[in-house]
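Written below as C-alpha cells is the structure these notes are about.
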There are 2 protein chains.
Amino acid sequence: MTDVNSKTPLSSGSEPSNGVDPSQLLHGDQASCRYDLIELLFFAYRDFTAMADDRLAEFDFGRAHHRVLHFVHRNPGIMVTDLLTILQITKQSLGRVLKQLVDQDFIEQQPGPIDRRQRLLHATPKGHELASHLVDIQSELLNRAIKDLPDDGAALVKQFLIQMLDTDKRDDIVRLVSKTYRPVPPVG
Amino acid sequence: MTDVNSKTPLSSGSEPSNGVDPSQLLHGDQASCRYDLIELLFFAYRDFTAMADDRLAEFDFGRAHHRVLHFVHRNPGIMVTDLLTILQITKQSLGRVLKQLVDQDFIEQQPGPIDRRQRLLHATPKGHELASHLVDIQSELLNRAIKDLPDDGAALVKQFLIQMLDTDKRDDIVRLVSKTYRPVPPVG
DNA sequence: AATATAAGTCAATATGACTGACGTAAATTC
DNA sequence: GAATTTACGTCAGTCATATTGACTTATATT
C-alpha cells in the first residue's frame, strides 16, 4: 500500500491540504451545516441497534420483528390499526412479521371484548421476556452514554429528540412514549 | 367505532387501568429502563431521514445512495475500500448504488495517481449540489431542534452521540466527522 | 339497508442487503 | 523474478423488508 491514504481504516480523506477559500466552508442559505451531528446520528443509531439485532438473529428475527414486539409489549391490547399507525408500514408488511411472532408464541391475538372485529395484541410471557431483554440491552447503552453527561443530560437529550419530531405528530408521540410501563397479562 | 380505543391514532393503549404491582415497573437487573429514549430515538431518526428520502426519490435514489454520495462528498478522493469500511456493507451492496451514481453523473471515479489500482471517488458538481442540498435540509432540522435547548445544547447532544458509539471505533469516527468540509474539484 | 371499519389475504414488485466464488491489474514482499 | 497481497469489479443466487392494488369476511355504525 502507498502511504498517502488510510493510516486508520476510517481516516480516508487524503486530498492534499491545499489552501481553501473560507467561503466554501458553508454553502446554501444555511447558517450552520451540522455535518458532525448528521454523521454521528448515522453511526450512533447503527451501533445502537446492532446489539439487539444480534440477539434477534438467534430467533431468526429482524428489526421489523423487534419493532412489532416492542410496541405490543409496551401497549398491551393494542389493535392492529393503531400498530400500523405507529410503525407507518402497510398491513401487508406487518402481516408477515406478526404471523411469525404469533406462530412462535411471542404475541397473542384476542378478539376485542366490545368490538369483535378487533384482534387485540398482547405479548406472551415469552414475548415480554424477549422484549424486556432487548430493552435492558439498549437501556444499558443509553445509560452508559448518559452517565458522563452533566446531571440534566438525559432530560436534555430527551428534549432534543422530541424537538426532532415532526410538529404535527409530536404530541401523540410524546404521549405514547411517556406512558408508564404496565404489563398486563393476557385475559385468556 | 366503539369509543374504548383511539382518541388519537397513537393513543392506542386501551387496557382497563387496573392496579399494578410497582415491582413490575422495572425488570431485569437494570436500574433504569429508558423506554422513552429508546422509542424517541426510533421516531426521531425516522422523521430525520424522511425529508431527505423524499428528495432522493425524485432521482429514483434511496437511502443507500444518500449514504454513498454523502461520504464521497465529504471525503473527496476516498477509495472504495475505505468507503466500504465506513458504511460497513459489502462490495456487492456498494456496487449497484455506486454504479447508478456514476452513470447518472453524481460521482466520478479517477485512477489513483500513485497507486493505479485505486479508483478514487469524487462528487461531480451535480453530486456536490445534491449532497449539499440534503445536508441543508437535515441541518435545518437539527438547528431547529437545538435552538430551544440551553446554550451548550448542541455540544451536549454531540457528546451524547459520541458516547453512544462502540468504544473501539469511537476515535476513528470522531476524527472522520470532525473534519472541516473542504470541497475539492476533481482533477480531470 | 347501506356504508364504513377492522382485519386478513392474494399477487406482483422494488430495494438494499447478504454469501461465495472468481478474475484482473497492480503493488509489495521474499 | 516469483509469490503474495491488495484494490476493485463482477457473476449468480438468496433473503428481509418494504411497497401497491385488489379482494374478502365479519362486524359496527348510520
_Closest to side chain of A/V80, choosing from D/dT17, C/dA17, C/dG8_ = C/dG8

_d(CG, A/L120; C1', D/dT27) in whole Å_ = 14 Å

*Mind calculating the distance between NZ (A/K91) and P (D/dC23) to the nearest angstrom?*
14 Å

*What's the CG-P distance between B/D53 and D/dT19, to the nearest Å?*
12 Å

*Heavy atoms under 4.0 Å, any strand shown: does A/G62 hit a base, just sugar-phosphate, or nothing?*
sugar-phosphate

*Quick one: is C/dT5 close enough that its OP1 or OP2 comes under 4.0 Å of any side-chain N or O from A/T81?*
no

*What's the CG-P distance between A/L94 and D/dA16, to the nearest Å?*
17 Å

_Tell me the bend of the helix from C/dA1-D/dT30 to C/dC30-D/dG1 as the angle between end helix axes, each from five pairs, rounded to the nearest 10 degrees._
30°

*D/dA16 OP1/OP2 closer than 4.0 Å to side-chain N/O of A/Q100*: no

*To the nearest angstrom, how far is B/I114 atom CD1 from C/dT28 atom P?*
10 Å

*With distance as the sole criterion, do the side chain of A/Q92 and the base of D/dG21 form a donor-acceptor contact below 3.5 Å?*
yes

*asked:* Students often get this wrong, so: under 4.0 angstrom with heavy atoms, is B/R96 touching a base, only sugar-phosphate, or nothing?
replied: base

*D/dA18 OP1/OP2 closer than 4.0 Å to side-chain N/O of A/T90*: no

_Interatomic spacing from CG in A/D36 to NZ in B/K158 - rounded to 0.5 Å_ = 3.5 Å

*What's the spacing between A/Q163 CD and A/L156 CG if we round to 0.5 Å?*
10.5 Å

*Within a strict 4.5 Å, meaning less than it, do heavy atoms of the B/I173 and A/L40 side chains meet?*
yes

*A/L121 CG to C/dA6 C1': how many Å, rounded?*
12 Å

_Sub-6.0 Å ring centroid separation between B/F48 and A/F160_ = no

*Can you see which heavy atom on B/L87 is nearest to which on A/R46, and at what distance?*
O-NH1, 3.0 Å

_OP1 or OP2 of D/dG9 under 4.0 Å from side-chain N/O of B/R119_ = yes

*Phosphate-side-chain proximity, B/H65 and C/dT15, N/O vs OP1/OP2 below 4.0 Å*: no

*asked:* Looking at C/dA17, I'd like to know if its phosphate oxygens (OP1 or OP2) sit under 4.0 Å from a side-chain N or O belonging to B/R67.
replied: yes

*Measure the spacing between CD of A/Q100 and CG of A/L69 and express it to the nearest 0.5 Å.*
12.5 Å

_If I take atom CZ in residue B/R117 and atom P in nucleotide D/dA7, what distance separates them, rounded to the nearest angstrom?_
6 Å

*Distance below 4.0 Å between A/R116 side-chain N/O and D/dT25 OP1 or OP2*: no

*Could you pick out which residue, B/K99 or A/Q88, lies toward the 5' side of DNA chain D when each is mapped onto its nearest nucleotide?*
B/K99

*Please give, in whole Å, the distance from D/dA7 P to B/D82 CG?*
8 Å

*asked:* Using the side-chain heavy atoms of A/V97, tell me which of these nucleotides is nearest: C/dG8, D/dT17, C/dA17.
replied: D/dT17

*Looking only at heavy atoms, which two atoms of B/N143 and A/S32 are closest? And how far apart?*
ND2-O, 3.0 Å

_Measuring centre to centre across the rings, with the benzene-like ring taken for any Trp, is B/F106 within less than 6.0 Å of B/F59?_
yes

*Is any side-chain N or O of B/S93 closer than 4.0 Å to OP1 or OP2 of C/dC18?*
yes

